[in-house]
Amino acid sequence: MKYILKILLAIILSAPFALIIQLPFMHIFTPEFFAEDNLANRGFYMVVSYFYMIIYFILGMPTTFVADFIATRKVFSNIDKAKYFIQIGTYTLAGLLMTRFHLDMNALISIFIPVYTYLVILSILRMLFKKKNDFSINSSKMS
């Protein structure tokens, strides 16, 4: 259950963070995105965040399950760095499939920034919960 909750929390946190990270790049590379209608409507940013959440649910969760399945294979079970590189590779492949291997600046901005934002936030959450659990185990042994 904690496994799914971490993924859901990463999805909820990643959507607004990805949008915040994307905005400066979108302003530079796609100025038509910043039409007065879009800037005046604050609800527009909420809609984009919700759109990201839907995409994270539809594509991010299965990608996470596949990446975790590959990373937990016996070959990689003792190497934390290998697990992380496997996840980076899996998410990169998912992003390339979404762009249909047509890489331009719009694809890089619109696909890979949200993908890697989700990966980083999920990794941070996993490290935080892992350290919290390790601390509670160590403190119980001390008593």
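Note that this is a predicted model, so its numbers are computed, not measured.
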Exercise for review: Give, for atom CD1 of I88 and atom CG of L93, the distance between the pair rounded to the nearest 0.5 Å.
Suggested key: 13.5 Å
Let me check something: any side-chain donor-acceptor pairs from residues 16-25 under 3.5 Å, sequence neighbours excluded? List them with distances.
residue	atom	partner	partner atom	Å
Q22	OE1	Y52	OH	2.1
Q22	NE2	Y52	OH	3.3
Q22	NE2	I109	O	2.4

Point to revise | Sequence neighbours excluded - salt bridge (Lys or Arg N to Asp or Glu O under 4.0 Å) pairs with any residue from residues 49-58 | key: none
Point to revise | Within residues 50-65 or reaching into it, pairs that qualify as salt bridge (Lys or Arg N to Asp or Glu O under 4.0 Å) - sequence neighbours excluded | key: none
Point to revise | Same apolar cluster (I L V M F W Y, side chains within < 4.5 Å links), Y50/I58 | key: yes
Point to revise | Heavy-atom closest pair, residues L8 and M61 | key: CD2-SD, 4.3 Å
Please table the atom pairs, donor to acceptor, closer than 3.5 Å between any side-chain atom in residues 111-122 and protein atoms at least two apart or in another chain.
residue	atom	partner	partner atom	Å
Y116	OH	T92	OG1	2.5
T117	OG1	I113	O	2.5
Y118	OH	T64	OG1	2.8

**Study point:** Contacts of A67 that satisfy side-chain contact (heavy atoms from CB on, under 4.5 Å) - sequence neighbours left out
**Key:** Q87, T90, Y91
Check your understanding: Quick one: side-chain contact (heavy atoms from CB on, under 4.5 Å) partners of F51, sequence neighbours excluded?
Key -> I55
Check your understanding: What distance do L5 atom CG and L125 atom CG have between them, rounded to the nearest 0.5 Å?
Key -> 11.0 Å
Check your understanding: How long is the span from the CZ atom in R126 to the CD1 atom in I124, to the nearest 0.5 Å?
Key -> 12.5 Å
Check your understanding: Is there a side-chain contact between Y3 and F129, using heavy atoms and a 4.5 Å cut-off?
Key -> no
Exercise for review: Examine F65 and L59 and state if one hydrophobic cluster contains both, with Ile, Leu, Val, Met, Phe, Trp and Tyr joined whenever side-chain heavy atoms are less than 4.5 Å apart.
Suggested key: yes
